[in-house]
Number of protein chains: 2
Amino acid sequence: MNGQFQIAVHILTLLSKQPDELLSSDYIAGSININPVLVRKEISNLRKYGLIDSKEGKAGGYTLGLPAQKILLSDVYRAVKVQPALGQAKNKPNPNCPVGKQISQHLDALADEVDVTIFNKLNTITLADFSGKFN
Amino acid sequence: MNGQFQIAVHILTLLSKQPDELLSSDYIAGSININPVLVRKEISNLRKYGLIDSKEGKAGGYTLGLPAQKILLSDVYRAVKVQPALGQAKNKPNPNCPVGKQISQHLDALADEVDVTIFNKLNTITLADFSGKFN
DNA sequence: TGTACTGTAATAATTAAAATTACAGATGAA
DNA sequence: TTCATCTGTAATTTTAATTATTACAGTACA
């Protein structure tokens with residue numbers, strides 16, 4: 001279980017709602033209800049993809065790196081992606097078994113196909129779309 | 001990280017390759033390289049969905065519950081599914097924040113959409129298709 | 001020069017996943 | 001009938017991943 005995607009979308013939604021303010025990691029963490037260090041870590045990652053800008057020092061904080069209309073949820077997916085959507089087994093199949101010998105390659109190919117499917121789906125939704133669903 | 005789907009597909013692939021034999025949990029566990037109890041547990045789950053038949057007692061073991069052409073990978077996905085593909089955060093967003101108050105509902109709806117997308121993709125692939133990729 | 005931030009490393013606590021142990025019940029064979 | 005071999009399942013331990021916490025250097029502003 002891993003909530004990176006949800007955390008990232010939560011952060012980006014907050015920023016999209018207050019585009020003219022610098023939000024602090026403490027404020028963001030208070031809305032998500034997690035530790036501020038995790039917020040800063042996740043933002044440090046999203047920043048690499050240009051999705052967030054930051055300003056250090058007193059009165060520093062975070063803003064979106066792009067307008068919400070230009071951020072696709074597929075960008076977020078790619079940025080936070082560590083594990084394939086179908087999960088990942090950590091076993092090492094038996095190389096002396098004809099099935100065990102080949103299955104990793106076939107399972108990986110399947111996982112890749114599924115990931116492309118997800119990506120294509122998320123590629124149709126912008127942060128603005130998502131954020132616009134809030135009352 | 002959770003490898004249930006991969007384990008399930010591995011089990012089913014083995015059974016599809018030897019449709020006339022009863023395979024034991026020990027044999028299956030040896031191919032996957034995990035503990036036999038986990039194999040029996042996963043099979044106990046797949047059995048509920050009719051995907052596997054079992055026979056107890058000496059010389060007992062497992063066979064497919066349906067021909068491999070009739071088993072869809074979406075059946076497997078549904079059978080093993082516990083967590084949404086986008087992951088699941090365990091935080092409880094702040095209900096005093098306008099975003100925190102509503103975000104779970106919107107994230108859940110998104111996760112559902114993505115799960116449908118995956119399901120539809122896996123709905124196009126049979127166990128026979130998958131198993132047929134092995135040399 | 002003090003205050004309020006970010007950035008990041010290191011460590012601890014918590015939780016989830018997987019492995020193991022144990023044993024009851026079923027079935028077939030000697 | 002009784003032994004051996006298998007499934008079914010509960011309970012527990014071990015391992016690994018996630019999240020939280022602590023700590024502090026660096027930046028920017030007043």
Side-chain angles (χ1 to χ4, degrees), chain A residues 1-8 10-11 14-15 21-49 51-65 80-84 86-94, chain B residues 1-8 10-11 14-15 21-49 51-65 80-84 86-94:
Chain A
M1 200 187 283
N2 169 315
Q4 260 193 285
F5 181 84
Q6 282 83 357
I7 300 300
H10 194 143
I11 293 169
L14 287 168
L15 296 178
E21 316 259 339
L22 282 166
L23 303 186
S24 72
S25 59
D26 259 13
Y27 172 81
I28 294 170
S31 169
I32 305 178
N33 201 11
I34 59 171
N35 195 285
V37 176
L38 292 182
V39 172
R40 299 206 285 271
K41 251 187 212 159
E42 186 52 49
I43 286 178
S44 147
N45 180 46
L46 295 170
R47 212 156 45 105
K48 289 184 201 148
Y49 292 84
L51 303 179
I52 292 185
D53 278 344
S54 70
K55 189 176 168 223
E56 291 190 32
K58 189 170 179 176
Y62 305 100
T63 55
L64 287 183
V80 304
K81 178 156 186 34
V82 205
Q83 291 162 24
L86 292 177
Q88 180 136 286
K90 31 183 167 267
N91 64 305
K92 301 191 82 181
N94 184 347
Chain B
M1 199 187 284
N2 169 316
Q4 260 192 285
F5 181 84
Q6 282 83 357
I7 299 300
H10 194 144
I11 294 170
L14 286 169
L15 297 177
E21 317 256 340
L22 282 165
L23 303 186
S24 72
S25 60
D26 259 14
Y27 173 81
I28 295 170
S31 169
I32 305 178
N33 203 7
I34 60 170
N35 196 284
V37 175
L38 291 183
V39 172
R40 300 205 286 271
K41 248 186 213 159
E42 187 51 49
I43 286 178
S44 148
N45 180 46
L46 295 170
R47 212 155 46 103
K48 289 185 202 148
Y49 292 84
L51 304 179
I52 293 186
D53 278 343
S54 70
K55 189 178 168 221
E56 290 190 32
K58 190 171 178 178
Y62 305 100
T63 56
L64 287 183
V80 304
K81 179 156 184 37
V82 206
Q83 291 164 22
L86 292 177
Q88 179 138 287
K90 31 186 169 269
N91 64 304
K92 300 191 82 182
N94 185 347

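Predicted model, so just to flag it, every value in this text is computed and none were measured. So you know, we letter chains A, B, ... as the sequences are listed, proteins then strands, and number each from 1.
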Where the side chain of [X] is defined as all heavy atoms beyond and including C-beta, which of [options] is the nearest nucleotide?
X: A:L38; options: D:dT27, C:dT20, D:dA20; value: D:dA20
X: A:K58; options: D:dT21, C:dA22, C:dA4; value: C:dA4
X: B:I34; options: D:dT7, C:dA19, D:dC29; value: C:dA19
X: A:N35; options: D:dT7, D:dA20, C:dA17; value: D:dA20
X: B:K90; options: C:dA22, C:dA16, C:dC5; value: C:dA16
X: B:K41; options: C:dG28, D:dA11, D:dT19; value: D:dA11
X: B:E56; options: C:dA18, C:dT6, C:dA26; value: C:dA26

Sugar-phosphate, base or nothing in reach of B:G60, heavy atoms under 4.0 Å: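 B:G60: backbone/sugar contact only, no base atoms under 4.0 Å.
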Sugar-phosphate, base or nothing in reach of B:I43, heavy atoms under 4.0 Å: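 Touches nothing.
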Under a 3.5 Å distance rule, please check whether [X] uses its side chain to pair with a backbone N or O of [Y] as donor and acceptor.
X: B:N33; Y: A:K92; result: yes
X: B:Q88; Y: A:G3; result: no
X: A:N94; Y: B:I32; result: no

Does [N] have OP1 or OP2 under 4.0 Å away from a side-chain N or O of [X]?
X: A:R47; N: C:dT6; result: no
X: B:S44; N: D:dT7; result: no
X: A:Y27; N: C:dA4; result: no

DNA chain C: 5'-proximal contact among B:N33 and A:S25 (nearest heavy atom):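 The 5'-side residue here is A:S25.
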First encountered from the 5' end of DNA chain D, between A:V37 and B:A59: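 Nearest-nucleotide comparison on DNA chain D picks B:A59.
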Distance in angstrom units between B:Q4 CD and C:dA17 C1', rounded: 10 Å
Pair B:E42-B:Q4, side chain to side chain donor-acceptor pair (under 3.5 Å): steps then yes or no: CA-CA 8 Å; B:E42 187 51 49; B:Q4 260 192 285; 2.8 Å; yes
Closest non-hydrogen atom pair, A:L15 against A:Y62: CD2-O, 3.4 Å
